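This report concerns only the one structure given below.
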Amino acid sequence: MSEILTLALSKGRIFEETMPMLAKAGITVADDPEKSRKLILGTSNPKLRVIIVRASDVPTYIQYGAADFGVAGYDVLAEHGMDGLYAPIDLGIAQCRMSVAVRDDFDYLSAVRQGARLKVVTKYVQQAREHFANKGMHVDLIKLYGSMELGPLVGLADAIVDLVSTGNTLKANRLKEVEVIKEISSRLVINQAAYKRRRAELQPFLDAFAQTA
Ligand code: PRT
Ligand code: MG
């Protein structure tokens, strides 16, 4: 008998938007991660279990084979790198964009034109570095783990690189979006070795995701 397959998900929007895709394949998850403290959740399919991890840790669990597959935002994947991973299906869920934003009274275009050296706070250091390097801009990047929106308000930075969906968070903090770096959605991510060795067991689940995506 083969071992159970493990699907890595983060709670919140990715879990919520993945559930209807599993439901279409007739699979329901035994517990609600918002209510239960369990980190390993059974499903209605005895061949599949779900683990709940931080969004930015999803690629790590899959890379090392602790999960066979999972769902992660392209923001997280691009920052982590694709070593040992295969991400064939864009699920089109958890859509947003990665953008540069500044205080609504800050003249970003003039600063750029004058070649000012901007301080930028972000959780996405690799992608921010690449973006500004492509523009030929010199920036000082400061890594934060959350609430990037605060940076320009308290003098930590001139700009932020963060995800935007409705724009409400920017607005509530008197920030404005000045550049869209990339559009983001979530992908199905598979451990490369599992994809080779356990293809037959994985295939029905991959088909289910491919059909609903
Ligand atoms: O919360 P935690 O630190 O554990 O991790 P996380 O914030 O990365 O996880 P989670 O569950 O919030 O996000 C998981 C994935 O959802 C991300 O990796 C993105 O691919 C995707 N996603 C889609 C988003 C958003 N939309 C989004 N709006 N992730 C975060 N946000 C945040 C954004 O950072 C900003 O603070 O929501 C705020 C802006 O939202 P609006 O609607 O006010 O513009
Ligand atoms: Mg979050």
Side-chain angles (χ1 to χ4, degrees), residues 8-17 53-64 70-87 90-189:
L9 298 175
S10 53
K11 62 181 182 181
R13 67 191 105 221
I14 287 188
F15 184 87
E16 282 152 27
E17 295 189 43
V53 305
R54 283 293 288 266
S56 47
D57 291 334
V58 166
T60 306
Y61 279 86
I62 301 169
Q63 178 183 0
Y64 291 102
V71 177
Y74 189 66
D75 50 319
V76 165
L77 283 175
E79 208 62 27
H80 176 89
M82 292 302 291
D83 235 31
L85 303 176
Y86 175 52
D90 186 343
L91 298 172
I93 62 169
Q95 288 185 6
C96 57
R97 54 195 185 269
M98 185 176 288
S99 294
V100 181
V102 298
R103 270 168 57 155
D104 62 9
D105 59 1
F106 184 81
D107 191 346
Y108 180 72
L109 280 184
S110 303
V112 172
R113 238 183 271 122
Q114 288 161 19
R117 191 175 182 110
L118 298 184
K119 276 189 284 175
V120 180
V121 289
T122 187
K123 184 160 125 180
Y124 305 103
V125 173
Q126 304 297 337
Q127 291 162 94
R129 181 176 293 124
E130 194 183 321
H131 172 70
F132 292 112
N134 286 341
K135 285 176 60 89
M137 278 174 70
H138 292 285
V139 297
D140 293 313
L141 292 169
I142 302 169
K143 163 109 187 178
L144 286 180
Y145 292 88
S147 301
M148 271 75 79
E149 294 89 355
L150 190 57
L153 305 181
V154 295
L156 182 62
D158 304 298
I160 71 173
V161 168
D162 195 10
L163 305 179
V164 180
S165 67
T166 61
N168 289 340
T169 307
L170 292 182
K171 211 176 291 165
N173 291 293
R174 295 174 167 253
L175 299 172
K176 63 182 175 193
E177 195 174 2
V178 288
E179 268 165 8
V180 175
I181 299 177
K182 59 179 92 166
E183 297 294 329
I184 304 275
S185 57
S186 285
R187 292 187 160 263
L188 186 69
V189 187

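Values in this document were obtained by computation on a predicted structure and should not be read as measured data.
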(request) Decide side chain to side chain contact (heavy atoms under 4.5 Å, CB included) for Leu144 and Lys123; before the verdict, give the C-alpha distance in whole Å, the side-chain angles of both, and the deciding distance to 0.1 Å. (result) CA-CA 5 Å; Leu144 286 180; Lys123 184 160 125 180; 5.9 Å; no
(message) Working to the nearest 0.5 angstrom, can you tell me the gap between Leu163 CG and Lys182 NZ?
(response) 10.0 Å
(message) For Ala159 versus Val100, what's the shortest heavy-atom pair and its separation?
(response) CB-CG1, 4.2 Å
(request) Measure across Ala128 and Leu141 and return the closest heavy-atom pair with its distance rounded to 0.1 Å. (result) CB-CD2, 3.8 Å
(request) Using a cut-off of 6.0 Å, state whether more than 12 heavy atoms not belonging to Lys171 lie near its atom NZ. (result) no
(request) Scan residues 141-162 for pairs that pass side-chain hydrogen bond (donor to acceptor under 3.5 Å, both in side chains), counting only residues two or more places apart or in two chains. (result) none
(request) Give the C-alpha distance, both sets of side-chain angles, the deciding distance and a yes or no for side chain to side chain donor-acceptor pair (under 3.5 Å) between Gln127 and Glu79. (result) CA-CA 7 Å; Gln127 291 162 94; Glu79 208 62 27; 2.5 Å; yes
(message) If I take atom OG1 from residue Thr122 and atom CD1 from residue Ile181, how far apart are they, to the nearest 0.5 angstrom?
(response) 7.5 Å
(message) Once rounded to the nearest 0.5 Å, what's the spacing between atom CG of Leu109 and atom CD of Gln114?
(response) 11.0 Å
(request) Provide the closest heavy-atom pair for Leu77 versus Ala87 in the form atom of the first, atom of the second, distance. (result) CD1-CB, 4.3 Å
(request) Locate the shortest heavy-atom distance separating Val71 from Ser186; write the atom from each residue and the value. (result) CG1-CB, 3.8 Å
(request) Compare all side-chain heavy atoms of Ile160 with those of Pro152 and state whether any distance is below 4.5 angstrom. (result) yes
(request) State the CZ-CE distance between Arg129 and Met137, to the nearest 0.5 angstrom. (result) 14.5 Å
(request) Using a 4.5 Å cut-off on heavy atoms from C-beta on, say whether the side chain of Phe132 contacts that of Leu118. (result) no
(request) Could you pull out the closest heavy-atom pair between Val164 and Leu170, with the gap in Å? (result) CG2-CD1, 3.7 Å
(request) Specify the closest pair of heavy atoms between Gln63 and Asp83, including all atoms of both residues, with the distance to one decimal. (result) CG-O, 3.3 Å
(request) Flag yes if more than 12 heavy atoms outside Tyr61 fall under 6.0 Å of its OH atom; otherwise flag no. (result) no
(request) Give the C-alpha distance, both sets of side-chain angles, the deciding distance and a yes or no for side chain to side chain contact (heavy atoms under 4.5 Å, CB included) between Leu150 and Leu156. (result) CA-CA 8 Å; Leu150 190 57; Leu156 182 62; over 6 Å; no
(request) Check the pair Asn134 / His131 against side chain to side chain contact (heavy atoms under 4.5 Å, CB included), numbers first and verdict last. (result) CA-CA 5 Å; Asn134 286 341; His131 172 70; 5.8 Å; no
(message) Let me confirm one number: the CG-CD distance from Leu91 to Gln95, rounded to the nearest 0.5 Å.
(response) 10.5 Å
(message) To the nearest 0.5 Å, what is the distance between CD on Glu183 and CE on Met98?
(response) 11.0 Å
